Amino acid sequence: MLSRWIGRFAPNLGGVRRTTFAPDLLAGLTVAALAIPQGLAYALIAGCPAEMGLAAAALPTATAALFGSSRFQVSGPTNPISLLVGSAVVAPAMAAGISDPVPRVLATAWVAGLLLVGFGIAGIGRASRFLSDSVVVGFATGAGLLIALGILPKLAGDTPPLEPAGGFVPAFWPHLEAGIRSLMNSDARTLALAAGVPAIVLCFRRVSPRVPAALLAIALASIVCFGLGWSEGEGAVATLGPLSLGWPDLHAPPLPDPETVLPPALAIAILATLQSIAAARTVAPASGPRFDPDRELFAQGVANLTTSVVGGIPTCGSLSRSAQLRAAGGRTRFASVASGIAMALCVPWLSTWLAYIPLAALVGLVVLSGIELIDPRTLRRATATRSDALVLVATLAATLMIDLVQALYAGLFFSLALLVRRAGRLQLSEIVRAGGERFREIAVDARTGTHPAVLLHLEGDLNFAIAPELHDRLSEITARGPRVLLLRLKHARHVDATVLETLRQAACELRAGGGAMLVCGLTEGMARALESSELAKVVGREGLLRAGTRLYEGFERALTETRRRLAPLADEEIFRGEPAPSDPSPIEDAPQDPETFTARSSVGTMHESRSKRGR
């Protein structure tokens, strides 16, 4: 087991070939060109020195690729993580009178890395599929608004309102007020630079997705600012200034204070989980090996441990850089490794040039990145149902009204509440004769159970959440006096003790009135669960009918047993009949679509609507 565990999480660069080296190297350099301006901008969002954003996009990117599983995933600083660092780590430290919040940021990254490594080992990556996309989209939309508005005070030389609002005072309005005030107080030069960078980026993107649009836009803004003399003399446009960039300096992070570091570290780890898996899923190829979500979390943990050692801000999977790497022709994870190494080697040589970057140009890039988090197409997909829309709106409102850590936890609560609600939805229908030997499903109604035999179809997860409603429905049906209750469980799964007890009670009520329960369509696992339960003692082993190898074989045997017990009654007297709205053709004449199908059997022909499967 230990060797298998080591093999699963050990670093590797599977798939690297001589033919992939050149495309991966070129794609890595392209991503590094994008990571430079993004690293600077995201450090600005986090309220950290610019050097920390560049450090987070160097060696942590390479280590995440070495330990990851996604071919195109690129890790490093991101918008939402940087905003969370600024509001949950930097702002409280500044409010507590700590002049240098960098040690706390590094300690938080260290703890978040340990948590992510634990998430990967514990299998949390696979469990993350139960979290609604509406939560991620709602949080990202709110974060985009706060990022775009919160960075605007930098135009006027003011400090962005990083400190989160207390209680339920909306954090959105202080950001909006400060943003409007900064626009009114800024001079025309800074506004021109801030507006020009996004315009140039969008123009370059229309030319080719492989063009490092952000880097070229920042470079052009710097050239214009320097060439026109805006960065010199009285009232000069603010620039980044000298940066203390050098080769990676490895040092142990400071010892964390659990009381102050653990809450934001946990929030960062959870957000990194959601964002990294969503990014890896988005850029995953349609064919080829699938990425391992647990290994991805392990890799993100290693990356955050690395960033705490090299002096960077916390990291996670970046969708924009991952998409850029795939568009640039990257083929293996070596492309991400090349990007990280290129950043580590080249950035120290660029420190002199980076000092001339106008701060207003980075503000414009940050505003653009915040606006791009608000994606109308993603919003439409995440609000496909009413419940998903409610979760998204609730998460968005929480993000704008309370601090981001609480908003993230609120979003997770909304997601789990939605999951429990859906898991507790009873999927019970009645199977009736549709004319001749055909059968179809209809909704359970007041006539269900009024014939000698009632055929019920129960599907979905059979957990304790549906037990109360299932008990009430079965009690209503058995009270109408059927002599045989046939329960089909072909598409049911994960039965628990509470549901088994509910079925046993219904079987006892039937037996007390001279009736019987039959259960058919049992898969191997379901059959073992029922045969070892108290239900088997009530219905008998002969009342538990397994599914056959042929379509509807188990249902046919159950119909035969029902007819035998109710002989000499004819089918018209035994089963409830409800003619179908339209008479479907036999299977050999019918079109094969996912909505309806027919199947012939030795008993006759059974027709069943598949439209109910999604309920």
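Everything quoted here is computed from the prediction, not taken from an experiment.
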Seminar exercise, completed: Across all chains, not counting sequence neighbours, the ring-ring contact (aromatic ring centres under 6.0 Å, His included) partners of Phe413 are none
Quiz: residues 46-65 side-chain donor-acceptor pairs under 3.5 angstrom, not counting sequence neighbours:
residue: Glu51; atom: OE2; partner: Ser244; partner atom: N; Å: 2.9
residue: Glu51; atom: OE2; partner: Ser244; partner atom: OG; Å: 3.2
residue: Thr61; atom: OG1; partner: Ala57; partner atom: O; Å: 3.1
residue: Thr61; atom: OG1; partner: Ser75; partner atom: O; Å: 2.7
residue: Thr63; atom: OG1; partner: Leu59; partner atom: O; Å: 3.3
residue: Thr63; atom: OG1; partner: Pro60; partner atom: O; Å: 3.0
residue: Thr63; atom: OG1; partner: Thr306; partner atom: OG1; Å: 3.4

Problem set entry | Any donor-acceptor N/O pair, Arg326 side chain to Val283 backbone, under 3.5 Å | yes
Problem set entry | Partners meeting ring-ring contact (aromatic ring centres under 6.0 Å, His included) with Tyr356 (sequence neighbours left out) | Phe226
Problem set entry | Derivation of the side chain to side chain contact (heavy atoms under 4.5 Å, CB included) call for Phe291 and Arg281 | CA-CA 8 Å; Phe291 77 94; Arg281 187 184 298 120; 4.2 Å; yes
Exercise. Which heavy atom in Ala335 sits nearest to a heavy atom in Ala27, and how many Å separate them?
Worked result: CB-CB, 4.3 Å
For this session: Would you sort out whether Asp292 and Phe298 count as a side chain to side chain contact (heavy atoms under 4.5 Å, CB included), showing the intermediate values?
Result: CA-CA 10 Å; Asp292 182 350; Phe298 186 90; over 6 Å; no
For this session: Applying salt bridge (Lys or Arg N to Asp or Glu O under 4.0 Å), name anything that partners Asp375, two or more places apart in sequence or on another chain.
Result: none
Seminar exercise, completed: CG of Leu408 to OG1 of Thr395, rounded to nearest 0.5 Å, is 9.0 Å
For this session: For residues Val135 and Leu412, report the shortest heavy-atom separation together with the two atoms involved.
Result: CG1-N, 4.2 Å
Exercise. Run the side chain to side chain contact (heavy atoms under 4.5 Å, CB included) check on Ile313 and Ser82 step by step: do they pass?
Worked result: CA-CA 8 Å; Ile313 58 178; Ser82 298; 3.8 Å; yes
Problem set entry | Heavy-atom check, side chain of Leu215 versus side chain of Leu34, under 4.5 Å | no
Exercise. Do any N or O atoms from the side chain of Thr399 and from the backbone of Ala143 form a donor-acceptor pair under 3.5 angstrom?
Worked result: no
Problem set entry | Validation row: Val367, Ile371 side chains within 4.5 angstrom (heavy atoms) | yes
Exercise. Which heavy-atom pair separates Gly317 from Gln275 by the least distance, and what is that distance?
Worked result: O-CG, 3.8 Å
Exercise. Where the side chain of Asn79 meets the backbone of Ser369, is there a donor-acceptor pair that is under 3.5 Å apart?
Worked result: yes
For this session: For the pair Thr239 (side chain) and Pro358 (backbone), establish whether a donor and an acceptor sit closer than 3.5 Å, ignoring hydrogens and angles.
Result: no
Problem set entry | Close side-chain approach of Thr78 to Thr315, heavy-atom, < 4.5 Å | no
Problem set entry | Shortest non-hydrogen separation from Leu345 to Pro348 and the atoms involved | O-CD, 3.7 Å
Exercise. In Å and rounded to the nearest 0.5 Å, what is the OG1 to CG distance from Thr260 to Leu262?
Worked result: 9.5 Å
Seminar exercise, completed: Residue set satisfying side-chain contact (heavy atoms from CB on, under 4.5 Å) with Thr141, at least two apart, ordered chain then number -> Val137, Ile374, Leu379, Leu396
For this session: Determine yes or no for a side-chain-to-main-chain donor-acceptor pair under 3.5 angstrom, with Ser322 supplying the side chain and Val74 the backbone.
Result: yes
Exercise. Taking all atoms of both residues into account, what is the closest heavy-atom pair of Pro92 and Ala88, and its distance?
Worked result: CG-O, 3.4 Å
Seminar exercise, completed: Rounded to the nearest 0.5 Å, the CG atom of Leu183 sits from the CG atom of Leu191 at a distance of 6.5 Å
Exercise. Can you list every pair that meets side chain to side chain donor-acceptor pair (under 3.5 Å) and has a residue in residues 211-227, with sequence neighbours left out?
Worked result: none
Problem set entry | For Phe334, ring-ring contact (aromatic ring centres under 6.0 Å, His included) partners two or more places apart | Phe21
Problem set entry | Donor-acceptor contact below 3.5 Å, side chain Asn304 vs main chain Pro314 | no
For this session: Could you tell me whether the side chain of Arg333 and the main chain of Gly68 form a donor-acceptor pair under 3.5 Å?
Result: yes
Do any side-chain atoms of residues 192-206 form donor-acceptor pairs under 3.5 angstrom with protein atoms, and if so which ones, sequence neighbours left out?
residue: Arg205; atom: NH1; partner: Glu372; partner atom: OE2; Å: 2.2
residue: Arg205; atom: NH2; partner: Glu372; partner atom: OE2; Å: 3.4

Exercise. Side chain of Arg71, backbone of Arg331: donor and acceptor closer than 3.5 Å?
Worked result: yes
Seminar exercise, completed: Hits for side chain to side chain donor-acceptor pair (under 3.5 Å) against Gln38, two or more places apart or cross-chain, chain-then-number order -> Ser320, Arg321
Exercise. Are Ile270 and Tyr409 side-chain neighbours, meaning at least one heavy-atom pair lies under 4.5 Å?
Worked result: yes
All N/O donor-acceptor pairs, side-chain side in residues 98-123, below 3.5 Å, sequence neighbours left out:
residue: Asp100; atom: OD1; partner: Val102; partner atom: N; Å: 3.2
residue: Thr108; atom: OG1; partner: Arg104; partner atom: O; Å: 2.7

For this session: Please identify each residue that fulfils side chain to side chain donor-acceptor pair (under 3.5 Å) with Asp388, with sequence neighbours left out.
Result: Thr385, Arg422
Problem set entry | Step-by-step side chain to side chain contact (heavy atoms under 4.5 Å, CB included) determination, Ile268 to Val85 | CA-CA 8 Å; Ile268 289 172; Val85 170; 3.9 Å; yes
Seminar exercise, completed: The reported gap from CZ in Phe72 to OG1 in Thr332 (rounded to nearest 0.5 angstrom) is 9.0 Å
For this session: Of all the heavy-atom pairs spanning Ile81 and Ala272, show the shortest one and how long it is.
Result: CD1-N, 4.0 Å
For this session: Supply the atom-to-atom distance Thr383 OG1 to Leu392 CG, rounded to the nearest 0.5 angstrom.
Result: 6.5 Å
Seminar exercise, completed: OG (Ser276) and CD (Glu296) are apart, to the nearest 0.5 Å, by 7.5 Å
Exercise. Between Ser182 (side chain) and Leu152 (backbone), is there a donor-acceptor pair under 3.5 Å?
Worked result: yes
Problem set entry | salt bridge (Lys or Arg N to Asp or Glu O under 4.0 Å) partners for Arg189, two or more places apart | Asp187
